[in-house]
Amino acid sequence: MPYGRRPESILVRLTDYGGMTGWGEVVEPPLLEKVWAGLEEVLAPALIGVDWEHPDELGEIPGGSAVDMACWDLWARMRGVPLAHALGGSRTSLTATVRIGAERSLESLVARVNRQVCGGYSHVTLDVQPGWDVEPVRAVRAAYPGLAISLDAQGGYTDMEALIALDSYGIAVIERPFASGDVAGHAELQDRLSAAVAVEVRSEDDLVDYVTGHAARALLLRPSHFSSLSRVRRTHDRAVSAGWDILCAGGQGTGVARAATVAVASMPGCTLPCDVTQPPRSAQIVTPPVGASGGVVAVPLTQPGLGHSIDEARLARLAKASFRA
């Protein structure tokens with residue numbers, strides 16, 4: 001599914017014998033070529049003619065998260081329940097954060113934050129990196145003393161002194177300060193911060209390492225990084241049992257994967273503002289579009305499954321390739 005220069009994604013549509021459909025999406029660029037190459041070969045043997053009562057029974061489905069997501073959507077639609085409720089979610093709406101990258105100047109950064117605050121956001125997440133950290137955070141805090149601010153370091157730091165200096169500006173969360181797997185570094189930093197350190201993992205086992213090492217107090221949960229929503233839910237439950245907060249994120253694609261992210265973010269442990277604000281609504285093929293309005297994301301609870309309809313005519317116009325099993 002190409003959008004000019006925007007990243008591509010793969011959509012999976014599953015249809016049962018009665019004509020009910022479920023949708024899933026892969027949005028991780030490194031996985032697309034591999035998934036597409038194997039999907040036609042393995043999808044039919046894995047699902048066609050196979051009896052199952054719940055997506056958990058299918059185990060690790062070839063095709064990864066997109067096929068699993070479609071199975072969950074189909075299962076929830078067949079039972080007339082929203083995917084959020086099927087996963088154990090209870091929220092009707094979510095507080096959203098908006099991510100703001102490095103700007104050319106402090107003035108342009110503050111102006112961009114101002115636009116988001118005027119648009120209703122009460123929480124922003126600023127990208128920081130060595131050389132662009134203390135000064136921009138100071139400028140935003142001076143302009144907005146009461147604004148909730150988190151930082152995303154994207155694993156770019158090796159020294160923690162600048163990160164410790166940022167703690168004095170009333171930061172809520174510092175996401176991904178060091179390279180993935182640096183449990184000791186994260187643990188030392190968390191011990192020296194008032195802000196919560198948030199780590200990103202791709203499996204429950206990875207999370208256990210951080211929990212055991214007291215290396216953070218928050219989890220950045222990106223459902224698209226997991227092979228199944230069941231694994232996402234187990235990882236959520238493990239973080240909750242450790243007393244961690246969870247922020248749920250997922251922003252690329254056509255809106256299908258983002259709708260699943262909203263369902264995950266409705267689960268009880270996802271207490272931090274979620275990030276489903278990118279890309280723009282014009283890139284989506286779902287109705288209603290997935291996104292924030294006034295800094296709040298609605299959880300669709302009046303429709304079963306993902307809670308969104310697919311503009312299949314637009315999908316057909318935009319699709320670069322397709323196959324039917």
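Remember, it's a predicted structure, so these values are computed and weren't measured experimentally.
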All N/O donor-acceptor pairs, side-chain side in residues 207-218, below 3.5 Å, sequence neighbours left out:
from	atom 1	to	atom 2	distance (Å)
Tyr210	OH	Gly181	N	2.8
Thr212	OG1	Val208	O	2.8
Arg217	NH2	Ser194	O	2.7

* Got Glu161 and Arg192 here, is their nearest side-chain heavy-atom distance under 4.5 Å? ->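 Of all side-chain heavy-atom pairs linking Arg192 with Glu161, at least one is under 4.5 Å.
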Just so I know, are the side chains of Leu221 and Leu247 near enough to count as touching, which here means a heavy-atom distance under 4.5 Å?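 They are not in contact (no side-chain heavy atoms under 4.5 Å apart), so the answer is no.
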- Query: Between the side chains of His308 and Thr287, is a donor N or O closer than 3.5 angstrom to an acceptor N or O?
  - Reply: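 Distance-only check fails for His308 and Thr287.
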Taking salt bridge (Lys or Arg N to Asp or Glu O under 4.0 Å) as the test, write out the residues that go with Asp237, two or more places apart.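 Expected list: none.
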Taking the side chain as everything from C-beta on, heavy atoms only, tell me whether Thr254 gets closer than 4.5 Å to Trp23.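 A side-chain contact is absent here, since even the closest heavy-atom pair is not under 4.5 Å.
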ask   = Is Glu53 atom CD crowded by more than 12 heavy atoms from other residues, nucleotides or ligands, each under 6.0 Å away?
value =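 No, because the 6.0 Å sphere around CD of Glu53 holds 12 heavy atoms or fewer from other groups.
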Please name the pair of heavy atoms, one in Cys248 and one in Ala265, separated by the smallest distance, quoted to 0.1 Å.
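Minimum heavy-atom separation between Cys248 and Ala265: CB-CB, 3.7 Å.
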Review point. With a 4.5 Å heavy-atom cut-off, do Val98 and Val113 have their side chains touching?
Key: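 Val98 vs Val113: side chains apart.
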Worksheet item: Looking only at heavy atoms, what is the nearest atom pair of Ile10 and Ala66, with distance?
Response: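 In this case the closest contact between Ile10 and Ala66 is O-CB, 4.4 Å.
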Checklist entry - Testing Val27, Val262, Val264 for side-chain contact (heavy atoms from CB on, under 4.5 Å) with Pro223, which one passes? => result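 Looking at Val27, Val262, Val264, the match for Pro223 under the side-chain contact (heavy atoms from CB on, under 4.5 Å) is Val264.
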| task | Just do the side-chain contact (heavy atoms from CB on, under 4.5 Å) check on Val199 and Val183 with the steps written out, would you? | result | CA-CA 10 Å; Val199 294; Val183 175; over 6 Å; no
Are Asp127 and Ile100 close enough, and set up right, to give a side-chain contact (heavy atoms from CB on, under 4.5 Å), and what steps lead you there? CA-CA 6 Å; Asp127 286 348; Ile100 299 178; over 6 Å; no
Would a hydrophobic clustering, with Ile, Leu, Val, Met, Phe, Trp and Tyr connected at side-chain separations under 4.5 Å, put Leu272 with Val296?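 No, Leu272 and Val296 fall in different hydrophobic clusters.
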query: Mind checking what makes side-chain contact (heavy atoms from CB on, under 4.5 Å) contact with Gln303, not counting sequence neighbours?
result: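 Applying side-chain contact (heavy atoms from CB on, under 4.5 Å) to Gln303 gives none.
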Discussion item. Do Val286 and Asp311 have side chains that approach each other closer than 4.5 Å (heavy atoms only, starting at C-beta)?
Written reply: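 The answer is no; the side chains never approach within 4.5 Å.
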Problem - CD1-CZ distance between Ile246 and Arg238, expressed to the nearest 0.5 angstrom - result: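 Between atom CD1 of Ile246 and atom CZ of Arg238 there are 11.5 Å.
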Q.
According to a hydrophobic-cluster definition based on side-chain heavy atoms being under 4.5 Å apart (Ile, Leu, Val, Met, Phe, Trp, Tyr only), do Leu14 and Met78 belong together?
A.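 Looking at the clustering, Met78 is in the same group as Leu14.
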Side-chain donor-acceptor distances from residues 170-180 under 3.5 Å, at least two apart:
from	atom 1	to	atom 2	distance (Å)
Glu175	OE1	Arg99	NH1	3.0
Glu175	OE1	Arg99	NH2	3.0
Glu175	OE2	Arg99	NH2	3.4
Arg176	NE	Asp152	OD1	3.2
Arg176	NH1	Glu200	OE1	2.9
Arg176	NH2	Asp152	OD1	3.3
Arg176	NH2	Asp152	OD2	2.6

*For Thr235 and Glu204, test the side chains for any donor-to-acceptor distance below 3.5 angstrom and give the result as yes or no.*
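Looking only at side-chain atoms, Glu204 and Thr235 do not form any donor-acceptor pair under 3.5 Å.
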For residues Thr97 and Thr125, is any side-chain donor paired with an opposing acceptor at under 3.5 Å?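 Yes, a side-chain donor-acceptor pair sits under 3.5 Å.
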* Grab the two heavy atoms, one from Val134 and one from Ala165, that are nearest each other, plus how far apart they are. =>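 Looking at all heavy atoms of both residues, the closest pair is CG2-CB, 4.2 Å.
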Any salt bridge between Arg317 and Glu312, counting N to O under 4.0 Å?
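Salt bridge: no.
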inquiry  = Run the side-chain contact (heavy atoms from CB on, under 4.5 Å) test against Ser105 and tell me which residues pass, sequence neighbours left out.
reply    =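 Ser105 satisfies side-chain contact (heavy atoms from CB on, under 4.5 Å) with Glu107, Ser108 only.
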Checklist entry - Distance-only, no hydrogens or angles: does the His186 side chain make a donor-acceptor pair with backbone N or O of Asp182 under 3.5 Å? => result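 Side chain of His186 to backbone of Asp182: a pair is present.
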With the side chain counted from C-beta on, respond yes when Thr21 and Leu74 share a heavy-atom pair under 4.5 Å apart, and no when they do not.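 Sidechains of Leu74 and Thr21: no contact.
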Note to self: Does any part of the side chain of Tyr157, heavy atoms only, come nearer than 4.5 Å to the side chain of Pro130, both counted from C-beta?
What the structure shows: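 Side-chain contact under 4.5 Å: yes.
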Residue list, side-chain contact (heavy atoms from CB on, under 4.5 Å) with Thr95, at least two apart or on another chain: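 Listed in chain order: Ser122, Pro273.
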- Task: Can you measure from CG (Asn114) to CG (Leu109) and round to the nearest 0.5 angstrom?
- Result: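 These two atoms lie 11.0 Å from each other.
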Show your reasoning for whether side chain to side chain donor-acceptor pair (under 3.5 Å) applies to Asp245 and Thr271. CA-CA 6 Å; Asp245 292 310; Thr271 51; 2.8 Å; yes
When you check the gap from the basic side-chain N to the acidic O, do Asp73 and Arg77 get nearer than 4.0 Å?
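Here Asp73 pairs with Arg77 in a salt bridge, since their nearest N and O are under 4.0 Å apart.
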Query raised in the report: Hey, are the side chains of Pro136 and Leu106 touching, using non-hydrogen atoms and a 4.5 Å cut-off?
Result: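 They are in contact (side-chain heavy atoms under 4.5 Å apart), so the answer is yes.
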(message) Within this structure, what is the CG-SG distance for the pair Leu229 and Cys71, rounded to the nearest 0.5 Å?
(response)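 That separation rounds to 10.0 Å.
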- Yes or no on ring-ring contact (aromatic ring centres under 6.0 Å, His included) for Trp72 and His54, after CA distance, side-chain angles and deciding distance? CA-CA 8 Å; Trp72 273 95; His54 191 277; 5.0 Å; yes
Practice item. Output the distance between atom CG (Leu147) and atom OH (Tyr121), rounded to the nearest 0.5 Å. Key: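 It comes to 12.5 Å.
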Worksheet entry | Where Phe323 and Trp36 come nearest, the two heavy atoms and their spacing |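 Where Phe323 meets Trp36 most closely, the heavy atoms are CD2-CH2, 3.9 Å.
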Problem - Intermediate values then yes/no, side-chain contact (heavy atoms from CB on, under 4.5 Å), Arg112 and Glu103 - result: CA-CA 9 Å; Arg112 189 174 173 193; Glu103 290 284 343; 3.0 Å; yes
Point to revise | Pair Ser230-Arg233, side-chain donor/acceptor within less than 3.5 Å | key: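 The criterion, which ignores hydrogens and geometry beyond distance, is not satisfied for Arg233 and Ser230.
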Closest non-hydrogen atom pair, Ala84 against Val299:
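Closest heavy-atom pair between Ala84 and Val299: CB-CG1, 3.8 Å.
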Query raised in the report: If you look at every heavy atom in Leu301 and Pro82, which pair is closest and at what distance?
Result: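 In this case the closest contact between Leu301 and Pro82 is O-CG, 3.6 Å.
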Next on the checklist: If hydrophobic clusters are built by linking Ile, Leu, Val, Met, Phe, Trp and Tyr wherever their side-chain heavy atoms come under 4.5 Å apart, do Leu220 and Val128 end up in the same one?
Outcome noted: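 No; tracing contacts between hydrophobic side chains, which count when under 4.5 Å, never links both residues.
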* To the nearest 0.5 Å, how far apart are CG in Leu193 and CG in Asp167? ->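 So the gap between those two atoms works out to 4.5 Å.
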- Under a single-linkage definition using a 4.5 Å side-chain heavy-atom cutoff for Ile, Leu, Val, Met, Phe, Trp and Tyr, are Trp52 and Met20 assigned to the same hydrophobic cluster?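 The answer is yes; both residues are in one hydrophobic cluster.
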query = Please walk me through it: do Glu25 and Ser9 pass side chain to side chain donor-acceptor pair (under 3.5 Å)?
reply = CA-CA 7 Å; Glu25 183 177 26; Ser9 63; 2.8 Å; yes
Spacing of SG belonging to Cys270 relative to CZ belonging to Arg91, to within rounding of 0.5 Å: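 The distance works out to 7.0 Å.
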